[in-house]
Amino acid sequence: MIKAFKSAAAILISAAAILSCKVSVTAHADTVLPDVPIDPSESVLIDGADMLDDEQEQELTENIQETAEYIDMNIMVYVSGTAIRGSDSKTQMFCEELCLDAYGRDDDSVVLYLDLAGHGDTSYAPYDFIYTRNRARFYFSGETDGAEDRISAIFDTMNPYLPRGDEDPYTAIERFISGLKFYYNKGPSSLKYFYVPDTGKYITMTSDGVLKQRDSRPKNWGMAMLIGAVIAFIASIITFFCIKSHYKFKSVPSSLHYLRSENIKYGQRSDMFIRKYQIRTKRESSSGSSGGGGGTSSGGGGGGNHR
């Protein structure tokens, strides 16, 4: 029995050691992504709905470019005068195309799409969208990122200026720019990583803003270390009882140990089955399923706003 306890303790201690070693090995498995410098002059405002006068457009453009330089990310604001018919995903893909056409895949970028095509028509349900890419996704996380929903919070400050039939895009865009500055100053959200479907990579960001990619899903090493600590604690308890049992006085033996089984006669003997065991095997489905929402094929993120 003592040997079994010692073996169990050794196994638990080994498991804890393997967990700690795995942390150090995995820490070097990431690939650093390039930090692409941005040109603030490339951050633009496109008024496709023709709802801003020249002075407003000039003021907003200057504000956008100053903010782009401040947060070190590309910013594009697209005020749409043409409705994108179909599902919300079509609007999301359109925003991604806008971003990739204007900037590189490795650039840190934010795109605001304002759906003002149905101006004055209250039967039309507009859908606005904020698209984020690379480092911007960590600062301006959305609902589908499993982190603080900062994008919805930005839209909450914009919506009072976007009532159906009486939209004020100038003030709404100002609120959008202020939201970018606010959350940039606040620092990255609680988003730990995001997945890029078309490359099969996971993207993380270090505390100093360096983006890294890896082939496997990042582990929660804080939880792993906690599990290792619990294993080590259990191993210490087992070791304690091993030592204690080794020095414990043996109990008085029972007189039954000295009786021969052939000298014992039973008046009646029966077998009682008090438990019934069932073994269940999980049946795997022949077809897989996948979740969706939020992200785009090349790893961009963001969030939408129905009005």
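Sequential numbering from 1 along the given sequence is applied to the chain's residues. The figures that follow rest on heavy atoms only: side chains count, while hydrogens, waters and symmetry mates do not.
- By the 4.5 Å heavy-atom criterion applied to side chains, M205 and P188 are counted as neighbours.
- Residues I151 and N305 are not in side-chain contact: their nearest non-hydrogen atoms beyond the backbone lie 4.5 Å or more apart.
- To the nearest 0.5 Å, atoms CG (L162) and CZ (R307) are separated by 4.5 Å.
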Go through it in stages, so that I can follow the logic: the residues are Y103 and V36, the test is side chain to side chain contact (heavy atoms under 4.5 Å, CB included), and I'd like the CA-CA distance, side-chain angles, deciding distance and then a yes or no. CA-CA 10 Å; Y103 316 113; V36 181; over 6 Å; no
Might you work through the side chain to side chain contact (heavy atoms under 4.5 Å, CB included) test for T204 and K192, ending with a clear yes or no? CA-CA 6 Å; T204 62; K192 302 300 181 184; over 6 Å; no
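- Contact of the E66 side chain with the I177 side chain is not registered, since no non-hydrogen atoms from C-beta on lie closer than 4.5 Å.
- Two residues are said to be in side-chain contact when any heavy atoms from C-beta on lie closer than 4.5 Å; P126 and R164 meet this criterion.
- For K201, the NZ atom counts as densely surrounded, since its 6.0 Å shell holds more than 12 non-hydrogen atoms of other residues, nucleotides or ligands.
- Taken to the nearest 0.5 Å, the CZ atom of F129 stands 8.0 Å off from the CZ atom of F155.
- Between D149 and S152, the shortest heavy-atom contact is OD2-OG, 2.5 Å.
- Residues I173 and Y184 fall within the same hydrophobic cluster, defined by Ile, Leu, Val, Met, Phe, Trp and Tyr side chains chained together at heavy-atom separations under 4.5 Å.
- Here the two rings, on Y78 and F94, have centers that are under 6.0 Å apart.
- Shortest non-hydrogen contact noted between C99 and R133 is SG-CD, 4.1 Å.
- Atom CD1 in I203 sits 5.0 Å away from atom CD in Q213 (nearest 0.5 Å).
- Heavy atoms only, all atoms of each residue included: I71 and L180 are closest at CG2-O, 4.4 Å.
- Not a single donor-acceptor pair under 3.5 Å links the side chain of S109 to the backbone N or O of N74.
- Taking hydrophobic clusters as Ile, Leu, Val, Met, Phe, Trp and Tyr residues chained together by side-chain heavy-atom distances below 4.5 Å, Y127 shares a cluster with I46.
- Here the closest non-hydrogen pair linking G302 and T144 is O-OG1, 4.2 Å.
- To the nearest 0.5 Å, atoms SG (C95) and NZ (K90) are separated by 14.5 Å.
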CA sep, side-chain torsions, deciding dist, call: L60, V77, side chain to side chain contact (heavy atoms under 4.5 Å, CB included): CA-CA 10 Å; L60 287 174; V77 176; over 6 Å; no
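- When side chains are defined from C-beta on, L112 does not count as touching I154, because their heavy atoms never get closer than 4.5 Å.
- Atom CD of E148 is surrounded by more than 12 heavy atoms from other residues, nucleotides or ligands within 6.0 Å.
- Following chains of ILVMFWY side-chain contacts shorter than 4.5 Å, one can reach V196 starting from L191, so the two form part of one hydrophobic cluster.
- Evaluation of the salt bridge (Lys or Arg N to Asp or Glu O under 4.0 Å) rule for R135 yields D35, D108 as partners, not counting sequence neighbours.
- No donor-acceptor contact under 3.5 angstrom links the side chains of Q92 and E96, judged on distance only.
- The hydrophobic clustering, which links ILVMFWY residues whose side-chain heavy atoms are closer than 4.5 Å, places V111 and I84 together.
- With N159 contributing its side chain and H306 its backbone, the two residues share no donor-acceptor pair below 3.5 Å.
- In this structure, R137 is positioned above the aromatic face of F194, its NZ or CZ under 6.0 Å from the six-membered ring centre and within 45° of the axis.
- More than 12 heavy atoms of other residues, nucleotides or ligands sit less than 6.0 Å from atom CD of Q65.
- Put simply, the side chain of F176 reaches to within 4.5 Å of the side chain of I130, judged on heavy atoms.
- Atom CG of D54 is surrounded by 12 or fewer heavy atoms from other residues, nucleotides or ligands within 6.0 Å.
- Contacts of E59 classified as side chain to side chain contact (heavy atoms under 4.5 Å, CB included), with partners at least two apart in sequence or in another chain: E55, Y170.
- Across every non-hydrogen atom of Y113 and T82, the tightest pair is OH-O, 3.7 Å.
- No side-chain donor-acceptor contact under 3.5 Å links D101 to the backbone of L98.
- Judged by distance alone, the side chain of S189 and the main-chain N or O of F138 form a donor-acceptor pair under 3.5 Å.
- In this structure, Y193 and R217 have side chains that are in contact, with non-hydrogen atoms separated by less than 4.5 Å.
- Using a 30° and 60° split on the angle between ring planes, Y195 and Y202 fall in the tilted class, from 30° to 60°.
- Side-chain contact between D106 and L33 is absent, with no heavy atoms from C-beta onward closer than 4.5 Å.
- Y70 approaches N185 most closely through the heavy-atom pair OH-OD1, 2.6 Å.
- Rounded to the nearest 0.5 angstrom, D168 CG and R175 CZ are separated by 9.5 Å.
- Here I64 contributes atom CD1 and E174 contributes atom CD; the two are 10.5 Å apart, rounded to the nearest 0.5 Å.
- Residues Y139 and Y183 keep their aromatic ring centres 6.0 Å or farther apart.
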